[in-house]
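The next block holds one structure in the form of structure tokens; read it before the comments.
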Amino acid sequence: MSDSLLLAAFACLLFTSCITAMPARMNTNDRPVIGILTQIVTDEEMKPYGETYIPSAYVKYIESGGSRVMPIRVTCTTEYYEDIFQKINGLLLIGGAADLKTSDFARVAKIFFNLALKANDAGDVFPIWGTCFGMQQLSVLVAGENLLSKTTAENEALPLNFTAEAYLSRLFKDFPADLMKAIAQEPLTGNFHRYGLTIKTFQENEKLNNFFTILSTNIADNGAHFVSTIEAKNYPFYGVQWHPEVNRFMWDSRKNFPHSFHAVKLSTLLAEFFVNEGRRSLHHFEHPEEEAKALIYNYTPVYAANFSAYQQVYFF
Ligand SMILES: *[C@@H]1O[C@H](CO)[C@@H](O)[C@H](O)[C@H]1NC(C)=O
Ligand SMILES: *[C@@H]1O[C@H](CO)[C@@H](O)[C@H](O)[C@H]1NC(C)=O
């Protein structure tokens, strides 16, 4: 323990009031572990390497915010996930393709989602972030039905059309004004989707509308206005239909991955924001050995740029 911490601890014995004066430091977990659910391999080119995967861009994204990553397989028992939930500090639902109601991914996402609702209600903070397919999965979990429709924006970088609420949101309120302006004007968000939630569908669905605030929208190829960024009103849950991780960690020149200064800044600030939500979670592993075995560092990513749009992929 450092001298200043010792002094602070000593001071607390004398002045009880400093317990209320120092809650942030005492309740912050600076060694967070964010879980990432694996996706089932469907791509023929990937099949030789494993049954499930996580593109390394998502891992680097979370690591860049100051967290460690635990890959979570999607074919285990409910008891296993209930146990893991008590050990990790947040969950990232990544992009990919699976059935949003019947897949293993959907089943596991639902288990964590329900545990997170209960925990957050009890003051035990547990953040969830959904990117692209992950955001779609969150919408199905909240609405209880699949409300997606065709909103194709495939390989398109777009500016965000912010709502008024975005400027007051937890996600964006601390962004510098000049960056907000750049995000609203420059094509800084990579879109790689065929389906999404239209603004109309969202607003007409009471469950979605009560649960999430729309922070940004965009226009698809077919003219549909779709929801592109959401934040839960009463939970630390976030969703983006676009891909913040590509701005720094994907480089396929056939793809419109934004790499400008502003694009990198946007990706950096969102990763740091989400990991900081994870620092509010005090869940932890029982033993350092158990933690060490769970982490992504036990795995080596495969070079994948010659058979996919990813630079590297973790296979499990
Ligand atoms: C931005 O959103 C507003 C409100 O939904 C809409 O009227 C406008 O057409 C949108 N513009 C773009 C470029 O998405
Ligand atoms: C991709 O590159 C790796 C490393 O150079 C090589 O081992 C692998 O066979 C290549 N795969 C394909 C499909 O070309």
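Computation of the quantities below employed the complete heavy-atom set of this structure, encompassing side-chain atoms and omitting hydrogens, waters and symmetry-equivalent molecules. Since we're looking at a predicted model, the values are computed, not measured.
- No side-chain donor-acceptor contact under 3.5 Å links Q137 and K110.
- Side chains of H262 and D178: a donor-acceptor N/O pair is absent below 3.5 angstrom, by distance only.
- The shortest non-hydrogen separation linking L37 to A109 is CD1-N, 3.9 Å.
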Table please: side-chain donor-acceptor pairs of residues 129-136 below 3.5 Å, with sequence neighbours left out.
{"residue": "W129", "atom": "NE1", "partner": "T131", "partner atom": "OG1", "Å": "2.9"}
{"residue": "Q136", "atom": "NE2", "partner": "Y195", "partner atom": "O", "Å": "3.0"}
{"residue": "Q136", "atom": "NE2", "partner": "Q241", "partner atom": "OE1", "Å": "3.3"}

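- Closest non-hydrogen pair, F172 versus T229, comes out as CE1-CG2, 3.9 Å.
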Stepwise, does the side chain to side chain contact (heavy atoms under 4.5 Å, CB included) test hold for L148 with L100?
-> CA-CA 10 Å; L148 301 180; L100 289 161; 3.3 Å; yes
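- Residues in residues 84-100 take part in these salt bridge (charged side-chain N to carboxylate O under 4.0 Å, His left out) pairs, two or more places apart or across chains: D83-K87, K87-E290.
- Within the 4.5 Å cutoff, the side chain of F202 has heavy atoms near those of the I230 side chain.
- Contact record, F249 with S64: CZ-CB, 4.2 Å, taken as the closest heavy-atom pair.
- Within the model, atoms CD1 of I62 and OG of S67 stand 6.5 Å from one another, a figure rounded to the nearest 0.5 Å.
- Hydrophobic clustering of Ile, Leu, Val, Met, Phe, Trp and Tyr side chains at less than 4.5 Å, counting indirect connections, unites V240 with M180.
- Taking Ile, Leu, Val, Met, Phe, Trp and Tyr as hydrophobic and joining them when side-chain heavy atoms fall under 4.5 Å apart, one finds M46 in a cluster with V41, Y49, Y53, F192, V246, M250, F257, V302, F307, Y310, V313, F315.
- To the nearest 0.5 Å, atom CD1 of residue I54 and atom CD of residue Q312 are 13.5 Å apart.
- Between H283 and I88 the shortest side-chain heavy-atom distance does not fall below 4.5 Å.
- Without hydrogens or angle criteria, N146 side chain to K101 main chain gives no donor-acceptor distance under 3.5 Å.
- Residues in residues 229-248 take part in these salt bridge (charged side-chain N to carboxylate O under 4.0 Å, His left out) pairs, two or more places apart or across chains: R170-E231.
- Applying the ring-ring contact (aromatic ring centres under 6.0 Å, His included) test to F226 and every residue at least two apart in sequence or in another chain returns H193.
- Here D252 pairs with R254 under the salt bridge (charged side-chain N to carboxylate O under 4.0 Å, His left out) rule; sequence neighbours left out.
- Linking Ile, Leu, Val, Met, Phe, Trp and Tyr residues whenever their side-chain heavy atoms come within less than 4.5 Å places Y167 and L269 in a single cluster.
- Under the rule for a salt bridge (charged side-chain N to carboxylate O under 4.0 Å, His left out), E286 has no partner lying at least two apart in sequence or in another chain.
- Within the 3.5 Å criterion, the main-chain N or O of L295 finds a donor-acceptor partner in the side chain of N298.
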Given salt bridge (charged side-chain N to carboxylate O under 4.0 Å, His left out), test E204 with K200 step by step and report yes or no.
-> CA-CA 6 Å; E204 285 173 2; K200 191 165 177 291; 3.2 Å; yes
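- Looking at P71 and F316, their side chains come closer than 4.5 Å, going by heavy atoms from C-beta outward.
- Scanning both residues, G190 and P258, for their nearest heavy atoms gives N-CG, 4.0 Å.
- The closest side-chain donor-acceptor pair between E277 and Y238 falls under 3.5 angstrom.
- Contact of the L270 side chain with the F175 side chain is registered, since non-hydrogen atoms from C-beta on lie closer than 4.5 Å.
- Looking only at side-chain heavy atoms (C-beta outward), F105 and I40 stay at 4.5 Å or farther from each other.
- Not a single ring-ring contact (aromatic ring centres under 6.0 Å, His included) links H225 to another residue, sequence neighbours left out.
- For residues 65-75, the pairs satisfying salt bridge (charged side-chain N to carboxylate O under 4.0 Å, His left out) are R68-E291, with sequence neighbours left out.
- A side-chain donor from one of S228 and N218 sits under 3.5 Å from a side-chain acceptor of the other.
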Intermediate values then yes/no, side chain to side chain contact (heavy atoms under 4.5 Å, CB included), T38 and I94 | CA-CA 8 Å; T38 62; I94 64 174; over 6 Å; no
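- Here salt bridge (charged side-chain N to carboxylate O under 4.0 Å, His left out) pairs that include residues 130-148, with residues two or more places apart or in two chains, number zero.
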What's the verdict on salt bridge (charged side-chain N to carboxylate O under 4.0 Å, His left out) for E44 and K47, showing C-alpha distance, side-chain angles and the deciding distance?
-> CA-CA 5 Å; E44 284 304 322; K47 280 186 179 164; 3.1 Å; yes
Report the C-alpha separation of D221 and E156 in whole Å, then their side-chain angles, then the decisive distance to 0.1 Å, and conclude whether the side chain to side chain contact (heavy atoms under 4.5 Å, CB included) test is met.
-> CA-CA 10 Å; D221 294 346; E156 280 175 50; 2.5 Å; yes
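- No side-chain donor-acceptor contact under 3.5 Å links T201 to the backbone of L197.
- A 6.0 Å sphere centred on CD of E51 holds no more than 12 heavy atoms belonging to other residues, nucleotides or ligands.
- Counting only heavy atoms from C-beta outward, the side chains of L208 and N210 never approach each other to under 4.5 Å.
- Hydrophobic clustering, with ILVMFWY side chains joined whenever heavy atoms are under 4.5 angstrom apart, keeps L179 apart from L158.
- For the pair L266/T189, a side-chain contact is recorded, criterion being any heavy-atom separation below 4.5 Å from C-beta on.
- With no hydrogens or angles considered, no side-chain donor-acceptor pair links W242 and S216 at under 3.5 Å.
- The closest side-chain donor-acceptor pair between S267 and N247, if any, does not fall under 3.5 angstrom.
- In this pair, F113 and F237 present their aromatic rings tilted. The plane angle is within the 30 to 60° band.
- A search for side chain to side chain contact (heavy atoms under 4.5 Å, CB included) contacts involving I111 returns T78, Y81, R107, L115, not counting sequence neighbours.
- In this structure, Y80 is a member of the same hydrophobic cluster as F85, with clusters built from ILVMFWY side-chain heavy atoms closer than 4.5 Å.
- Each of F162 and I219 belongs to its own hydrophobic cluster when Ile, Leu, Val, Met, Phe, Trp and Tyr are linked at side-chain heavy-atom distances under 4.5 angstrom.
- Counting heavy atoms from C-beta outward, L147 and S139 have side chains that stay 4.5 Å or more apart.
- Y297 pairs by the ring-ring contact (aromatic ring centres under 6.0 Å, His included) definition with nothing, not counting sequence neighbours.
- The two residues V275 and G65 make their nearest non-hydrogen contact at CG1-O, 3.2 Å.
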